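Heads up: the structure comes next, in structure tokens.
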There are 2 protein chains.
Amino acid sequence: MLSKKTKYGIKALVHLARQEDRKPVQISTISKTENISQKFLESILLTLRKNGMLGSKKGKGGGYYLLRDPKEIPMTTVMRLLEGPIAMVPCVSLNFYEKCADCPDEATCAVNKIMLKVRDNTLEIFRNTTLADLSDTHVTL
Amino acid sequence: MLSKKTKYGIKALVHLARQEDRKPVQISTISKTENISQKFLESILLTLRKNGMLGSKKGKGGGYYLLRDPKEIPMTTVMRLLEGPIAMVPCVSLNFYEKCADCPDEATCAVNKIMLKVRDNTLEIFRNTTLADLSDTHVTL
DNA sequence: TGCATACTCTAGTAAGTCGATAGGGTAAAA
DNA sequence: TTTTACCCTATCGACTTACTAGAGTATGCA
């Protein structure tokens with residue numbers, strides 16, 4: 001299950017991507033239009049900023065803005081940042097690999113086998129989808 | 001992330017599927033060979049039994065056994081039973097659908113859009129993979 | 001220059017849920 | 001009478017979500 005953090009984060013990023021100019025958008029604006037608890041959103045945007053996804057401007061007329069072109073932001077990056085591993089099991093994760101304590105041999109593990117396939121498929125989707133794709137309201141994926 | 005419940009459940013089912021005859025296998029046997037806490041495994045097998053996946057026999061020579069042919073058990077069934085919804089968001093779930101409280105329109109929701117695609121892909125994999133496929137140690141998926 | 005405003009940032013915390021495990025006891029089959 | 005499935009309860013820790021209060025900082029205006 002996707003955490004609300006990730007869900008809200010994606011929505012906020014899409015909101016920013018839909019902004020035509022790259023002017024800062026205030027947290028309160030995003031919070032209201034996307035129906036997200038303002039304080040919670042605050043912490044989410046903060047992690048996005050710390051990881052080089054967003055820039056921020058303080059003071060009057062301040063807010064958050066995208067640092068890169070939405071076309072250049074694949075969903076893999078967003079997901080790994082907000083949700084963590086894309087794989088359903090650590091033993092098939094690329095970026096968050098961890099050996100299972102209980103499993104003696106990954107090569108013959110049934111769970112490993114199928115989850116590897118699922119990960120490959122999911123990864124490909126996220127890789128080929130950018131923030132710009134999601135921001136387009138008309139085009140279906 | 002896959003819960004350990006699901007992971008262990010799949011392992012146990014595969015263990016039973018690999019059994020040539022359909023004789024009952026004791027919990028303790030599965031627990032030892034698969035490195036699963038016996039008590040935890042107990043509760044997992046119980047839910048599998050209650051949902052018509054396994055049969056059980058009490059007393060000496062008792063244990064758990066598969067009720068159906070492994071070829072007839074798609075992973076969708078197993079996943080829904082153990083893990084719950086396959087979709088990452090309730091609003092794109094087939095069997096566990098729930099409308100998002102914050103989202104005014106699913107048709108234009110970016111999260112909905114991409115997660116629908118992920119679900120379709122994952123679902124197809126689980127649908128086309130049976131317990132028999134996982135039980136085969138040699139064939140890769 | 002300096003004050004007020006409008007923002008981001010930080011920290012702490014509380015409630016709720018979930019995962020995993022442990023203990024003890026009952027019922028049925030051989 | 002032994003073996004084994006079955007059932008109930010309780011705990012502990014971790015994580016998620018969300019709220020609260022305030023500190024820090026840039027901007028615009030007088």
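Here is the naming used below: chain letters follow the sequence lines, and residue numbers restart at 1 for every chain. Model, not experiment: these values are computed from the prediction.
Inter-residue side-chain proximity for A:Thr77 and A:Phe126 is flagged as unmet; no heavy-atom pair is nearer than 4.5 Å. The shortest side-chain heavy-atom distance between A:Leu123 and A:Leu94 falls under the 4.5 Å cut-off.
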Task: side-chain hydrogen bond (donor to acceptor under 3.5 Å, both in side chains) between B:Ser3 and B:Thr6, intermediate numbers included - done: CA-CA 5 Å; B:Ser3 69; B:Thr6 307; 3.0 Å; yes

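Near DNA chain D, defined here as any heavy-atom distance below 4.0 Å, there are no residues from residues 94-101 of chain A.
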Pick out the pairs of N or O atoms, protein on one side and nucleotides 11-15 of chain D on the other, that lie under 3.5 Å.
none

Are any protein N/O atoms closer than 3.5 Å to N/O atoms in nucleotides 19-22 of chain D? If there are, list each pair with its distance.
| unit_1 | atom_1 | unit_2 | atom_2 | d |
| --- | --- | --- | --- | --- |
| D:dC19 | OP2 | A:Ser37 | OG | 2.9 |
| D:dA21 | N6 | A:Lys39 | NZ | 2.9 |
| D:dG22 | O6 | A:Lys39 | NZ | 3.3 |

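Using a 4.0 Å heavy-atom distance criterion, A:Lys50 is classed as a sugar-phosphate-only contact. If you check every strand for non-hydrogen atoms under 4.0 Å, B:Ile27 touches sugar and phosphate atoms only.
Within 6.0 Å of CD on A:Glu124 lie no more than 12 heavy atoms contributed by other residues, nucleotides or ligands. Counting non-hydrogen atoms of other residues, nucleotides and ligands closer than 6.0 Å to NZ of B:Lys99 gives a total above 12.
Of the charged side-chain nitrogens involved, none lies within less than 4.0 Å of a carboxylate oxygen, so that A:Asp102 and B:Lys4 do not count as a salt-bridged pair.
Spacing between atom NZ of B:Lys60 and atom C1' of D:dT2 amounts to 7 Å, rounded to whole angstrom units. To the nearest angstrom, P of D:dT4 lies 18 Å from CG of B:Leu54.
The two atoms that bring B:Arg18 and A:Thr108 nearest to each other are NH2-O, 3.7 Å, heavy atoms only. The minimum heavy-atom distance between B:Leu81 and B:Thr47, with the atom names listed, is CD2-O, 4.0 Å. Considering every non-hydrogen atom in both A:Ser93 and A:Arg119, the closest pair reads C-NH1, 4.5 Å. In plain terms, the two heavy atoms of A:Leu41 and A:Ile27 that are nearest each other are CD2-O, 3.9 Å.
Identified under the ring pair (Phe, Tyr, Trp, His ring centres under 6.0 Å) test for residues 79-103 of chain B, with sequence neighbours left out: none. Within the structure, salt bridge (charged side-chain N to carboxylate O under 4.0 Å, His left out) contacts touching residues 70-95 of chain A (residues at least two apart or in different chains) do not occur.
Listed for the B:Arg49 side chain is no donor-acceptor partner under 3.5 Å among the backbone atoms of B:Leu54.
Using a 4.0 Å cutoff to heavy atoms of chain A, the contacted part of DNA chain C runs 5' to 3' from C:dA6 to C:dT10.
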